[in-house]
2 protein chains.
Amino acid sequence: MSQTLSVQLRLRDLIVSGEMPPGERLSEPSVAERLGASRTPVRAALARLAEEGLVEPIPSGGFAVRSFAEEEIQDAIELRGTLEGHAARLAAERGAPAAALAEMKRLIARMDEATSPPIREGNFTDYVALNAHFHELLVETAGSAVVARQIGRVVALPFASPSGFVLAQAALPEAHRVLTAAQEHHRGVVEAIEHREGARAEALMREHARLARRNLDFVMRNQESLRLVPGGALIRRRSWA
Amino acid sequence: MSQTLSVQLRLRDLIVSGEMPPGERLSEPSVAERLGASRTPVRAALARLAEEGLVEPIPSGGFAVRSFAEEEIQDAIELRGTLEGHAARLAAERGAPAAALAEMKRLIARMDEATSPPIREGNFTDYVALNAHFHELLVETAGSAVVARQIGRVVALPFASPSGFVLAQAALPEAHRVLTAAQEHHRGVVEAIEHREGARAEALMREHARLARRNLDFVMRNQESLRLVPGGALIRRRSWA
DNA sequence: CGTGTCGGGGCTGTATACAGACTGTCCTTT
DNA sequence: AAAGGACAGTCTGTATACAGCCCCGACACG
């Protein structure tokens, strides 16, 4: 693995895990020393993280760890809904290969399994992986590199990803109801794509993303569950400074 | 201006103008020598252009000038329509400041002027500038940094921008009709935002982008007009290699 | 004549040196 | 005592040196 990639991944981990608090200045020399690399790969890694949106350039030069207003995350989630809706509509309008549809149904069935009793340890992480896979497959099925790339950029923000809040949601009293609704959306989208119902597929994915917004609402009222959200330490409550 | 930025802009010009043909390999030393900078800023500039999508990493290392399939551009334009529709809907739902609406109306009026007789030299370039400004203002009015950033990334591809085909469209026999339709869309969107009609605003912006797809269709059948399109040299006709 | 191997050239990734700009502090002056 | 200026430390932007890798071509051998 290249030094650049290594620095990028480790730095992202440090940020997302909250070890680097929002606002912390990241100077090239300090990061270089901390991660044991020279300035050149550190510089490249910082530039990429800035592209992702996890750090931002500050006026005095260099970068700082970003923080995110709750509204901003709501916007990002809704935007993901719109983009995934776009992808679903494309898949429906242009037709999806039977193999892709079958695979999506299989994933849905396995998510059903993972969320039905008996509840075992690790069921939720199984669900998270399956869910992520489902969403990726949906985007791929749309068959547009441009769209896939764009969605990838939105999802790069950890809390905007389709699985960002699923883990925290386990602590939610309505966890079961939300999961049932989510699975109903999944089923509906596949059916809509199969029947070439573009508008329905699009509407469903938009509504699907609203579940994440509900989860965010809840998590913001529950500081303990916030720690289960990747990047949760970067979220600032409504109206700080 | 920094060397990095200078190299980035000049290299982009060389690519978009067609001086660097698609497929041409861009090695750091060659670009550095050609543009009179050292490898360090060249490297940074290439990375940014890769982010924009104008160049792509090639397996043997380094980058090459990208080419774009017609379908890909159609996809990018439709995606822009969806995103601008999203922005318009947000503006409508959340309400737009009166000043922004007034400014948009003013821009529309000036576009009317620019497209009505007497046709002067430069009318079209006026229109292009006003149109670009209108679209930027619309995005800004949505009031979401996340959405603005995302749209900016799609629009970075020159032919996906709202004004990409307007200039070439001047050669189109239906130029006047298309412009009239576009202005009708502009008027309708402002009205919809003003009346808080989110769905209408969104639908109009989507339809608006379809005009660009029509223009692309035409331009692809008219090699001369293709040269008026920024980045036209990068477009490859349906099914090359 | 075809194939395999060896060598050279060029390229990327990385480290590091250096110049200019900036920030923050401390001292001096009013 | 407060304000302004000078200085030191640090940072970024840039250039450049160096190592390892890959690709291509040439040459020799079967």
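Remember, it's a predicted structure, so these values are computed and weren't measured experimentally. Sequence lines set the chain letters: A, B, ... in the order given, protein chains first and strands last, and positions in each chain run from 1.
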Trainee: Which whole-number value in Å describes the distance from B/Glu33 CD to C/dC11 P?
Mentor: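 Computing the B/Glu33:CD to C/dC11:P distance gives 10 Å.
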Trainee: In terms of side-chain geometry, is the basic nitrogen of B/Arg25 or B/Glu56 positioned less than 4.0 Å from the acidic oxygen of its partner?
Mentor: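 Salt bridge between B/Arg25 and B/Glu56, a charged N being under 4.0 Å from a carboxylate O: no.
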Trainee: Using the benzene-type ring in the case of Trp, are the ring centres of A/His86 and B/His86 under 6.0 Å apart?
Mentor: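 No - the distance between ring centres of A/His86 and B/His86 does not fall below the 6.0 Å cut-off.
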Trainee: Rounded to the Å, how far apart are A/Arg25 CZ and C/dG24 P?
Mentor: 9 Å
Trainee: If you pin A/Ser38 and B/Gly61 to their nearest nucleotides in DNA chain C, which one's is more 5'?
Mentor: B/Gly61
Trainee: Let's see if you can work this out: which of C/dA15, D/dA15, D/dT12 has an atom nearest to the side-chain heavy atoms of A/Ala37?
Mentor: C/dA15
Trainee: Is it true that B/Arg153 and A/Glu51 make a salt bridge, defined as a side-chain N closer than 4.0 Å to a carboxylate O?
Mentor: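 Result for this pair is yes, salt bridge flagged.
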Trainee: Whole-Å distance between D/dG13 P and B/Arg43 CZ?
Mentor: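 The answer, rounded to whole Å, is 16 Å.
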Trainee: Any N or O donor-acceptor pair under 3.5 Å from the base of C/dT16 to the side chain of A/Thr40?
Mentor: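 Such a pair is found, so the answer is yes.
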Trainee: Picking from D/dT16, C/dC11, D/dT14, which would you name as closest to the side chain of B/Ser27?
Mentor: C/dC11
Trainee: Less than 6.0 angstrom separating the ring centers of B/Phe68 and B/Phe159, yes or no?
Mentor: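 When the ring centroids of B/Phe68 and B/Phe159 are compared, they turn out to be within the sub-6.0 Å range.
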Trainee: Can you tell me how far C1' of C/dG13 sits from CD of A/Gln3, to the nearest Å?
Mentor: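 A/Gln3 atom CD is separated from C/dG13 atom C1' by 9 Å.
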Trainee: Taking CZ from A/Phe63 and P from D/dC11, how many angstroms apart are they, rounded to a whole number?
Mentor: 15 Å
Trainee: Nearest whole Å is fine: how far is D/dT12 C1' from A/Ile58 CD1?
Mentor: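 Interatomic distance, CD1 of A/Ile58 to C1' of D/dT12: 12 Å.
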Trainee: Is the shortest distance from a Lys or Arg side-chain nitrogen in A/Glu78 or B/Arg89 to a carboxylate oxygen in the other one below 4.0 Å?
Mentor: yes
Trainee: Reading DNA chain D from 5' onward, which residue's closest nucleotide shows up sooner: B/Ser2 or B/Ser60?
Mentor: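 The residue whose closest nucleotide sits nearer the 5' end is B/Ser2.
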Trainee: Rounding to an integer number of Å, can you tell me how far B/Leu26 CG sits from C/dC11 P?
Mentor: 12 Å
Trainee: May I have the distance from A/Glu28 (atom CD) to D/dC11 (atom C1'), rounded to whole angstrom?
Mentor: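 Nearest whole value for this atom pair: 8 Å.
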Trainee: Indicate whether OP1 or OP2 belonging to D/dT14 is found under 4.0 Å from a side-chain N or O atom of B/Thr4.
Mentor: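 So the side chain of B/Thr4 is within the cut-off, an N or O lying under 4.0 Å from OP1 or OP2 of D/dT14.
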